[in-house]
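Counting starts at 1 for both ligands and their atoms, in listed order.
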Amino acid sequence: MTNKPIYVTQPSLPILQEYNELLKQIWESKHIANNGPFHRQFEKELCNYLKIPYISLFSNGTLALITALQALRITGEVITTPYSFVATTHALHWNGIKPVFCDINEHDYNINADKIEALITPKTTAIMPVHVYGNPCDNNKIQKIADIYGLKIIYDAAHAFGVEKNGESILNWGDLSILSFHATKTFNTVEGGAIVTKDEILKTRIDYLKNFGFADETTVIGYGINAKMNELIAAYGLLQLKTIDENIRKRQDKVNLYRNLFQNTKGITFLPDFENIKHNYTYFPIFIDKNKFGKTRDEVYNLLKEHNIYARRYFYPLISQFNAYKELPTAAKENLPVATQITEQVLSLPLFAELENENIQRIVKIINE
Ligand SMILES: *Cc1c(COP(=O)(O)O)cnc(C)c1O
């Protein structure tokens with residue numbers, strides 16, 4: 001076996017010749033940005049594939065999050081999870097909103113819906129949950145709270161491309177959902193993102209906001225930003241849609257192999273497939289209980305590194321522990337006992353469509369021995 005480094009992920013790319021064909025068309029038309037033909041076609045095909053009514057494409061997921069909050073005029077305080085990628089909370093800060101951290105639950109590590117209500121104040125205007133690892137939040141409970149208190153829900157669905165519950169897209173939940181198509185995600189467009197909405201007029205507003213707020217040549221409807229996806233990326237994305245199902249199928253096989261190999265390892269747990277859910281197998285996080293396993297998560301992380309295998313601690317530290325946020329009243333560890341425990345245990349192992357099964361066996365062997 002070679003000593004070639006194995007990273008936590010490796011992007012799947014479209015076939016270069018096919019991409020060249022589309023690039024030729026772009027070179028001929030000279031339409032390289034601003035809602036061109038590939039942009040429109042990519043939106044249409046994404047709506048079909050994802051089973052959603054409307055989507056607005058963005059240059060990345062973070063700008064989609066920031067714009068989603070602008071689109072709904074969210075202000076004051078927003079209740080969110082500390083167990084996510086830092087962009088979730090940064091998007092609130094960029095809108096001048098105070099993040100309020102809610103602990104996660106013990107079965108899927110998503111926001112604990114039973115703990116949301118106690119965090120609502122007169123300043124609360126919205127809830128921003130994350131479908132972490134692509135596992136769906138408890139939307140029924142969250143929506144009920146939002147309805148009673150008059151709050152909006154914006155889902156950070158960056159991990160949830162193609163995830164369905166009972167045959168329906170979870171991207172239709174809440175008021176808006178945002179996606180990320182970053183290189184490290186299951187569906188990538190190099191960089192990219194989107195906002196999903198069920199409301200045609202809201203989509204129009206979002207499309208204005210991502211283009212400086214321009215509704216026409218002389219009308220600006222708000223504090224818009226430049227967050228448009230360009231034609232080169234939209235064409236790349238169209239090709240990615242052709243292989244995404246196969247990509248997810250391959251990932252599922254890898255995840256099942258990992259699960260089988262770890263089945264009898266004491267002190268290592270992992271998340272199961274949940275009932276009635278179509279998963280996308282975006283990550284394979286394991287959770288290491290040092291008392292039962294005999295080694296800490298960081299010892300395992302470093303051991304793999306010595307073998308040129310780069311697992312990642314998704315998500316560590318908690319967002320609430322970064323300097324920017326740790327002084328917030330809800331950032332205290334005592335308020336977030338489950339998240340505080342899980343962030344110390346988690347290690348996301350390499351997972352991508354082209355990861356060889358022998359390498360999975362090797363990774364598990366290194367850990368188990
Ligand atoms: C990747 C990610 C983002 C940010 O998306 P970008 O496209 O990288 O800007 C936001 N939230 C979560 C949970 C993510 O994993």
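- Under 4.0 Å from ligand 1, not a single heavy atom of Glu191 appears.
- Here Leu176 sits in one hydrophobic cluster together with Phe58, Leu63, Leu65, Leu69, Leu72, Ile74, Val78, Leu92, Ile97, Met128, Ile154, Ile178, Ile195, Leu202, Ile206, Ile225; the rule is ILVMFWY side chains under 4.5 Å apart, joined directly or through other members.
- Residues His159 and Phe315 place their aromatic rings such that the two centres sit under 6.0 Å apart.
- The six-membered or imidazole ring of Phe270 lies away from that of Phe287, with a centre-to-centre distance of 6.0 Å or more.
- Within the cation-pi definition used here (under 6.0 Å to the ring centroid, within 45° of the axis), Arg251 does not qualify as a partner of Phe352.
- Atom 3 (C) of ligand 1 has Phe85 CD2, 3.7 Å as its closest protein atom, hydrogens excluded (heavy atom only).
- Sorted by first and then second residue, the pairs that involve residues 270-282 and meet salt bridge (charged side-chain N to carboxylate O under 4.0 Å, His left out), not counting sequence neighbours, are Glu164-Lys278, Arg259-Asp273.
- Across the listed options Gly134, Ser84, Gly61, Ser84 owns the non-hydrogen atom lying nearest to atom 13 (C) of ligand 1.
- Of the protein's non-hydrogen atoms, the one nearest atom 5 (O) of ligand 1 is Ser180 OG, 3.2 Å.
- Counting heavy atoms closer than 4.0 Å to ligand 1, residue Asp156 contributes side-chain atoms (C-beta onward) but none from N, CA, C or O.
- For ligand 1, the polar-atom distance check finds no N/O of His182 at less than 3.5 Å from any of the ligand's N/O atoms.
- The aromatic rings of Tyr49 and Phe161 lie parallel to each other, with less than 30° between the two planes, well short of the 60° mark.
- Ranking protein heavy atoms by distance to atom 9 (O) of ligand 1, first place goes to Thr62 OG1, 2.6 Å.
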